[in-house]
Amino acid sequence: MSTLTKPNHIGRKISRIRELRDMKQEALAQALGTNQQAISILENSETIDDEKLNAVAKALGVNVDALKNFSEDSVINYFNNFYDESAKGQILNNSCTNLTFNPLEKLIEAYEENKKLYERLVQAEKEKVEFLEKILKDK
């Protein structure tokens, strides 16, 4: 029987949250002190006892309610709303004409700062050498 027909398939919800958090089964297994095969079995389980569910939720960085109530639709709606809100600020509408700096100028500034820093470093080394030579001549 498919997990699509079972909306409360907790193992599939764990799997999706793990995937969304870009976590591999091995990483979750390590966080739970078990092995990858046990995580695979867990993710294929329709039900999980509360103690294990608490541990999984903690390892995934979510609360138990988020695991139990997870749905693909809510994730899609969240990202669609995020995109819509960002578009209102014209960040995603290719409106980059109001930039106040030239990236090439910033690169040149960084190069000049590095050059000045290098020159100060060379001068400090020259002064150190002169000081050490003076000490050697005095002995």
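Keep in mind the model is a prediction, meaning the values are calculated, not measured.
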Are any side-chain N or O atoms of T34 and backbone N or O atoms of Q30, one a donor and one an acceptor, separated by less than 3.5 Å?
no
Of all pairs that satisfy salt bridge (charged side-chain N to carboxylate O under 4.0 Å, His left out), the ones with a partner from residues 107-124, not counting sequence neighbours
none
Regarding Q36 and Q25, is there a side-chain donor-to-acceptor distance under 3.5 Å anywhere?
yes
Mind checking who shares a hydrophobic cluster with L136, ILVMFWY linked at side-chain heavy-atom distances under 4.5 Å?
none
Side chain to side chain donor-acceptor pair (under 3.5 Å) involving E19 - partner list, sequence neighbours excluded:
S15, R16
Closest non-hydrogen contact found for E43 with H9 is O-CE1, 3.6 Å
With sequence neighbours excluded, give me every side chain to side chain donor-acceptor pair (under 3.5 Å) pair touching residues 49-60.
none
At their closest point, which heavy atom of V56 faces which heavy atom of L42, and how far apart are they?
CG2-CD2, 3.7 Å
Considering all heavy atoms, the nearest L60-L28 contact
CD2-CD1, 4.1 Å
On a heavy-atom basis, which atom in L32 and which in A55 lie closest, and how many Å separate them?
CD2-O, 3.4 Å
Distance, nearest 0.5 Å, that separates OG of S45 from CZ of R12
13.5 Å
Taking atom CG of L53 and atom CD1 of I14, what is their separation to the nearest 0.5 Å?
5.5 Å
What are the two closest non-hydrogen atoms of K68 and I10, and how far apart are they?
CA-CD1, 4.0 Å
Tell me, please, which residues at least two apart from E133 pass side chain to side chain donor-acceptor pair (under 3.5 Å).
none
Salt bridge (charged side-chain N to carboxylate O under 4.0 Å, His left out) against K128, all qualifying residues, sequence neighbours excluded:
E125
